[in-house]
Amino acid sequence: MSSIKRKTSFLRIFFLNILIFIAILFVVLSSIAIEARISNRTEYSHLKVSETEADCMQSLHSKLSLEQSRLLNRDPGEIKKYCASRALMTPEWLEARTYWDYHYYSSTELKTPSLNFNGIDQYNSRSVPCSLRKDGDQPKFIVWIFGGSTMQNMETSDELSIANQFCLNQTPKGSLQVSNFGVGSFQSELEIAKLLNIYKLTIRDKSQLPNLVIFYDGFNDSQRLMIGGSWAGLPPGVSNKISSLYTTQSSFDRAGYWLIRTISDWFTRLAGDKKNFISDGFRILIDKIEKHSSTNYLINTKVDWKEELDGKLLTSQAYIHDQKVLLGICESLNLRCVVILQPVLSLRNKPIGDIEQNNFEAQEESGSNFVTKRFYREVKSELIRIRSNNYKLIDLSDLPNRNEYAHLPFFYDFGHTGYYSGEILGREISNEIARMQILK
């Protein structure tokens, strides 16, 4: 056999072995993903990249929501209708964002039977059916509500969202124009920036400025450093993705980066967005690549969640700082502002059902429960001290522990809630606002 034939034969065997190795690796990784998909593990995101109606009905969210419907004696068909709308949300819509100068991004316009987002004329706010928006009608009160994904409230229909239930329970009915400006991953700093920007954009028509501004906080601010957020302010990954567009990386390096992201996204979808060590590995790798894609070291600065400042967690001090800034804004613009400390799973005295218990135990192991309890304790004591006529505090953090709700499963992850939880939260917020006699 000639040397050329031997080399050809060797190369064939070599590449055949590589293909066999890749095929075996593909089968192993796919098996891990499928096992994660059918398990009861926590999902990475409460809103999946794509979801069929059947997927939705089998999700941890729907399982907890069906238990809620049984305990509350509600029609489980409501959840099926909701899942039918979830199935209409295309991957393109779920991945798309409208960019806004100064308040960064929002979901784009959406129209389905149960889940709707307004157009850019209403700043891509989540639809509030109760809100008075008929041509020629002037609402008695205008309310703006800010928050993260828990206020955006994609876990339920427009009708049962926190914002809409708040609106429905106000007196007199039909007198409010409510805008739900909740955006996934937003925390207090971004919410304040969004308030300033929308206020500026609205100031030409003073009749549309708000009588009340509500902030629904606690989830993202308490977990901001715990989940690896940068100290720069934007949600984890956002700063790095934006900065990677303005980099000196070669085209080859950028192509490799996006290839890795594509493989990671495919594998995550196969796993049904469930946590597993392969997806975790991809996320760590991507995070490391993104860290080195920018020369702006401030964007990549990570702060240890255990770090303290003046006897408080740094994350607590960050939130307190933001609230003092908000206090000044509300007083200088003569805005009536209400900050709500939202309930989260870490604060439940007794988790109800397997889903809450499994998540609570995982949070206990990671230290998340400890951080959350300390955060709430530290910020609550400070916010009570700085209250004024223009800045009020509503503490709903203990709501799920009240006797009337202690039997009810409330959360399907750290802070995202079941289908009927928004109805309870919206009603309680309305009651607290009524007691304060702000809208009169």
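Starting from 1, each residue takes its place in the sequence as its number.
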>> Taking atom CG as the centre, does N389 end up with more than 12 heavy-atom neighbours from other residues, nucleotides or ligands that are less than 6.0 angstrom away?
In response: no
> When you check the gap from the basic side-chain N to the acidic O, do E109 and K111 get nearer than 4.0 Å?
Replying inline: yes
>> Taking E189 first and then K194, would you say they form a salt bridge - that is, a charged N and a carboxylate O separated by under 4.0 Å?
In response: no
> Any donor-acceptor pair under 3.5 Å linking the side chain of S421 with the backbone of F410?
Replying inline: yes
>> Distance check, rounded to the nearest 0.5 Å: R435 atom CZ versus E432 atom CD?
In response: 4.5 Å
> In Å and rounded to the nearest 0.5 Å, what is the NZ to OG distance from K373 to S346?
Replying inline: 7.0 Å
>> Please check this pair: side chain of W93 against backbone of T108, looking for a donor-acceptor N/O pair closer than 3.5 Å.
In response: yes
> Can you check whether E159's main-chain N or O pairs, donor with acceptor, with Q165's side chain at less than 3.5 Å?
Replying inline: yes
>> Which residue is it: W100, F117, Y104, F146? I am looking for the one with a ring pair (Phe, Tyr, Trp, His ring centres under 6.0 Å) to F181.
In response: F146
> In terms of heavy-atom contacts, does CD of E365 have more than 12 from other residues, nucleotides or ligands at under 6.0 Å?
Replying inline: no
> Distance-only, no hydrogens or angles: does the N153 side chain make a donor-acceptor pair with backbone N or O of S161 under 3.5 Å?
Replying inline: no
> Salt-bridged, E307 to K312, with N to O below 4.0 Å?
Replying inline: no
>> Test your reading of the model: is there a side-chain donor-acceptor pair from S430 to the backbone of R427, 3.5 Å cut-off?
In response: no
> Within a reach of under 6.0 Å around CD1 of I120, are more than 12 heavy atoms found that belong to other residues, nucleotides or ligands?
Replying inline: no
> For the atom pair CG (D75) and NZ (K81), what is the distance rounded to the nearest 0.5 Å?
Replying inline: 7.0 Å
> Would you say the side-chain atoms of T372 pair up with the backbone N or O of S368, donor to acceptor, closer than 3.5 Å?
Replying inline: yes
>> Any salt bridge linking E356 with R348? Criterion: basic side-chain nitrogen under 4.0 Å from a carboxylate oxygen.
In response: yes
> Do any N or O atoms from the side chain of S106 and from the backbone of Y99 form a donor-acceptor pair under 3.5 angstrom?
Replying inline: no
